[in-house]
Amino acid sequence: MKQLLNIIKYVLLLAVSVLLMRYALQGQDLSRVGQYVREANYSWLLITTVLSALGYFSRAYRWKMQIDPTGHKPRYWDVYHAMMVGYLANMVLPRMGEVIRCSVLRRTSGVPVQVALGTVVTERVIDVLVLLGLLGATLLLDFTTFWKFVTDNLLAGRYDALARNRTPLLLALGIAVLLLLTLAYAVFRNLERLRQNALFNKAVVFVKGLLAGVFSVLKMERKGTFLLHTFFTWLVYYLMDYLAFFAFPATYDLGMRAGLAVLTFGAFGMAAPVAGGVGPFHIMVQGILLVYGVSKEAGIAYALVVHGSQTLLVVLMGGVSFLISMVKSGRKAVSAEVAA
């Protein structure tokens with residue numbers, strides 16, 4: 001029954017990806033999209049692919065730095081191959097890659113799954129904090145651009161009316177504050193009852209894990225090296241998106257702040273629980289490029305090419321890592337049988 005539910009879940013997630021991709025392409029001139037894709041300068045995409053590979057190597061080293069203090073000392077290449085197999089699995093099974101890479105590492109290096117999984121949670125916590133920081137920086141650095149887009153397109157002329165009469169806005173703000181206070185009071189009054197609720201307990205565990213993940217970095221040796229690899233990983237992500245601008249005439253003149261915006265919102269799209277971020281990534285990137293004056297056709301072409309090149313890289317690197325890991329785990333199994 002559980003297996004059937006998992007199959008249904010993955011089929012539904014795949015359907016969501018298809019529907020989102022259809023939404024992203026809806027009402028667009030597909031011939032123009034194809035033209036943008038054909039006319040792209042793929043030399044820039046080759047550069048971003050090389051940078052991306054370097055980023056994966058750095059990320060694997062960072063993961064090894066997290067595992068070493070647990071008392072287990074896996075080889076670097078075992079850590080790297082396990083990580084790439086996990087990324088490959090995420091292309092098919094959303095969010096299962098984290099568990100699968102820990103399982104692969106157990107087979108090749110003997111690191112317990114729960115130990116490796118704990119380091120992955122910490123890694124994700126750090127990435128979420130970095131992403132939230134990037135979101136704040138993006139909105140602060142280009143607040144005028146985003147605000148103009150909201151007032152001109154989303155509010156569609158209603159901004160002037162709101163500016164003249166702020167009563168509805170103040171009323172909405174007052175209601176929101178009242179609701180928050182009511183919610184806080186209700187939580188306080190029913191705290192004991194909530195502690196018996198499974199969903200509430202999961203939220204508490206998540207917050208505790210978030211804090212534990214943050215403070216675990218403070219206890220790590222060579223914190224400077226760890227932070228350097230974290231910085232390098234996100235710098236690579238940024239350069240991948242920014243340098244790809246030069247591959248398309250429509251995005252060639254976009255600045256570094258636009259690259260930061262694409263990185264930030266594109267990362268939110270990749271974090272969506274769908275296979276490989278297909279659909280959410282394309283919609284987010286297309287929408288952000290629209291803010292900077294890029295047409296929908298050019299925006300979706302950029303998203304398709306960038307996402308496609310990175311997907312091919314993961315399939316190539318992950319496929320090689322999968323084969324190597326399977327061969328090594330097979331050898332370990334044979335050695336164990338001989339020793340027995």
K.L.:
For residues L45 and A247, report the shortest heavy-atom separation together with the two atoms involved.
P.N.:
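It is CD2-CB, 3.4 Å.
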K.L.:
Would you say F231 ends up clustered with L134 if hydrophobic residues are merged whenever their side chains have heavy atoms under 4.5 Å apart, either directly or through other cluster members?
P.N.:
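Yes; F231 is reachable from L134 via cluster members.
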K.L.:
Check the pair S325 / R107 against side-chain contact (heavy atoms from CB on, under 4.5 Å), numbers first and verdict last.
P.N.:
CA-CA 8 Å; S325 297; R107 293 180 182 179; over 6 Å; no
K.L.:
Search all heavy atoms of T108 against all heavy atoms of K328 and return the closest pair with its distance.
P.N.:
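Scanning both residues, the minimum pair turns out to be O-CE, 3.7 Å.
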K.L.:
Can you name the closest pair of heavy atoms from L54 and F232 and give their distance?
P.N.:
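What the structure gives for the nearest pair is O-CE2, 3.9 Å.
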K.L.:
What's the shortest heavy-atom distance between V278 and P280, and which atoms?
P.N.:
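Taking V278 first and P280 second, the nearest heavy atoms are O-CD, 2.8 Å.
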K.L.:
Check F248 against A40 and note the closest heavy-atom contact, atom names and distance.
P.N.:
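Looks like CE2-CB, 3.6 Å.
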K.L.:
Just by distance, do the side chain of H229 and the backbone of F226 share a donor-acceptor pair under 3.5 Å?
P.N.:
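Not confirmed, H229 side chain does not pair with F226 backbone.
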K.L.:
Please evaluate residues Y242 and L254 with respect to the criterion side-chain contact (heavy atoms from CB on, under 4.5 Å), reporting the C-alpha separation (whole Å), side-chain torsions for both, the decisive distance (0.1 Å), and the verdict.
P.N.:
CA-CA 9 Å; Y242 175 67; L254 293 181; over 6 Å; no
K.L.:
What distance separates K223 NZ from T230 OG1, expressed to the nearest 0.5 Å?
P.N.:
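Answer rounded to 0.5 Å: 13.0 Å.
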K.L.:
With R257, which residues qualify under salt bridge (Lys or Arg N to Asp or Glu O under 4.0 Å), at least two apart?
P.N.:
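Per chain and number, R257 pairs via salt bridge (Lys or Arg N to Asp or Glu O under 4.0 Å) with D142.
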K.L.:
Is a side-chain donor-acceptor pair under 3.5 Å present for D78 with S109?
P.N.:
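D78 and S109 do have a side-chain donor-acceptor pair below 3.5 Å.
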K.L.:
Decide yes or no on side-chain contact (heavy atoms from CB on, under 4.5 Å) for S295 and Y36, but give the supporting numbers first.
P.N.:
CA-CA 11 Å; S295 69; Y36 284 126; 4.0 Å; yes
K.L.:
Could you check whether Y80 and F57 have their ring centres less than 6.0 Å apart?
P.N.:
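That pair passes the under 6.0 Å test.
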K.L.:
Taking the six-membered ring for Trp, are Y302 and F245 ring centroids under 6.0 Å apart?
P.N.:
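Yes, the ring of Y302 comes within the 6.0 Å limit of the ring of F245, centre to centre.
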K.L.:
For the residue pair M240 and V306, establish whether any side-chain heavy-atom pair is separated by less than 4.5 Å.
P.N.:
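Heavy-atom side-chain distance check fails, nothing below 4.5 Å.
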K.L.:
Rounded to the nearest 0.5 Å, what separation is found between the CE atom of M91 and the CD atom of Q310?
P.N.:
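If I round to the nearest 0.5 Å, the distance is 8.5 Å.
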K.L.:
Taking E297 for its side chain and V33 for its backbone only, find out whether a donor-acceptor pair lies under 3.5 Å.
P.N.:
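No: the side chain of E297 does not pair with the backbone of V33.
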K.L.:
Between the side chains of T264 and T138, is a donor N or O closer than 3.5 angstrom to an acceptor N or O?
P.N.:
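On atom types as modelled, these side chains qualify, holding a pair under 3.5 Å.
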K.L.:
Go through the side-chain N and O atoms of T122 and Q66 and say whether any donor and acceptor fall under 3.5 Å apart.
P.N.:
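Their side chains do not contain a donor-acceptor pair, so the 3.5 Å distance test is not met.
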K.L.:
Answer yes or no: are there more than 12 heavy-atom neighbours, outside Y42 itself, under 6.0 Å from its atom OH?
P.N.:
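For Y42, atom OH is crowded (more than 12 foreign heavy atoms under 6.0 Å).
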K.L.:
Please list, one pair per line, the donor and acceptor atoms closer than 3.5 Å that link side chains of residues 311-324 to other protein atoms, with sequence neighbours excluded.
P.N.:
from: T311; atom 1: OG1; to: H307; atom 2: O; distance (Å): 2.8
from: T311; atom 1: OG1; to: H307; atom 2: ND1; distance (Å): 3.4
from: S321; atom 1: OG; to: H81; atom 2: ND1; distance (Å): 2.9
from: S321; atom 1: OG; to: M317; atom 2: O; distance (Å): 3.1

K.L.:
Are V236 and V50 linked, directly or through other ILVMFWY residues, by side chains that come within less than 4.5 angstrom of each other?
P.N.:
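As far as the 4.5 Å side-chain criterion goes, V50 and V236 are not connected within one cluster.
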K.L.:
Anything under 30° is parallel, anything over 60° is perpendicular, the rest tilted; go ahead and classify Y252 against F246.
P.N.:
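Because their plane-to-plane angle is over 60°, the rings of Y252 and F246 count as perpendicular.
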K.L.:
Same cluster or not: V130 versus M270, using hydrophobic residues (I, L, V, M, F, W, Y) connected whenever any side-chain heavy atoms lie under 4.5 Å apart?
P.N.:
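In one cluster: yes.
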K.L.:
My understanding is that only residues two or more places apart in sequence, or in another chain, count here; which of them pass salt bridge (Lys or Arg N to Asp or Glu O under 4.0 Å) with D127?
P.N.:
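For D127 the salt bridge (Lys or Arg N to Asp or Glu O under 4.0 Å) partners, ignoring immediate neighbours, are R59, R62, R124.
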K.L.:
Among L260, T233, L51, exactly one meets side chain to side chain contact (heavy atoms under 4.5 Å, CB included) together with Y238. Which residue is that?
P.N.:
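One option only clears the test, and that one is L260.
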K.L.:
Given 3.5 Å as the limit, does a donor-acceptor pair link the side chain of N90 with the main chain of G97, or not?
P.N.:
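Yes; judged by distance alone, with no hydrogens or angles, the pair exists.
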K.L.:
Taking all atoms of both residues into account, what is the closest heavy-atom pair of S309 and T49, and its distance?
P.N.:
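For S309 and T49, the tightest heavy-atom pair comes out as CB-OG1, 4.4 Å.
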K.L.:
With rounding to the nearest 0.5 angstrom, report the CZ to CD distance, F281 to Q286.
P.N.:
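Taking CZ in F281 and CD in Q286, the distance rounds to 11.5 Å.
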K.L.:
How far does OG1 of T119 sit from CG of L105, to the nearest 0.5 angstrom?
P.N.:
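Answer rounded to 0.5 Å: 8.0 Å.
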K.L.:
Roughly how far apart are L290 CG and I300 CD1, rounded to 0.5 Å?
P.N.:
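Between L290 CG and I300 CD1, I get 11.5 Å after rounding to 0.5 Å.
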K.L.:
Is the shortest heavy-atom distance from the side chain of D68 to the side chain of P74 under 4.5 Å?
P.N.:
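They are in side-chain contact.
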K.L.:
Run the side-chain contact (heavy atoms from CB on, under 4.5 Å) test on L239 and T48 for me, step by step, so that the C-alpha distance in whole Å, both residues' side-chain angles and the decisive distance to 0.1 Å come before the verdict.
P.N.:
CA-CA 7 Å; L239 291 175; T48 63; over 6 Å; no
K.L.:
Nearest 0.5 angstrom please: H72 NE2 to R106 CZ, how far?
P.N.:
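Those atoms lie 12.5 Å apart.
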K.L.:
Does Y56 form a ring pair (Phe, Tyr, Trp, His ring centres under 6.0 Å) with Y87? I'd like the steps, not just the answer.
P.N.:
CA-CA 10 Å; Y56 287 129; Y87 287 152; 5.5 Å; yes
K.L.:
Answer yes or no: is there a side-chain heavy-atom contact under 4.5 Å between Y61 and V79?
P.N.:
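The answer is no, as the side chains (C-beta and beyond) never meet within the 4.5 Å cut-off.
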K.L.:
For salt bridge (charged side-chain N to carboxylate O under 4.0 Å, His left out), just list the numbers for E123 and K64, CA-CA rounded to whole Å, side-chain angles, deciding distance to a tenth of an Å, and then say yes or no.
P.N.:
CA-CA 11 Å; E123 179 185 88; K64 176 173 166 52; over 6 Å; no
K.L.:
According to a 4.5 Å side-chain heavy-atom criterion applied to Ile, Leu, Val, Met, Phe, Trp and Tyr, with indirect links allowed, do L304 and L30 form part of one hydrophobic cluster?
P.N.:
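Same cluster: L304 reaches L30 through Ile, Leu, Val, Met, Phe, Trp or Tyr contacts under 4.5 Å.
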K.L.:
Determine whether Y237 and L141 fall in the same hydrophobic cluster, where Ile, Leu, Val, Met, Phe, Trp and Tyr are linked whenever their side-chain heavy atoms lie under 4.5 Å apart.
P.N.:
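As far as the 4.5 Å side-chain criterion goes, L141 and Y237 are connected within one cluster.
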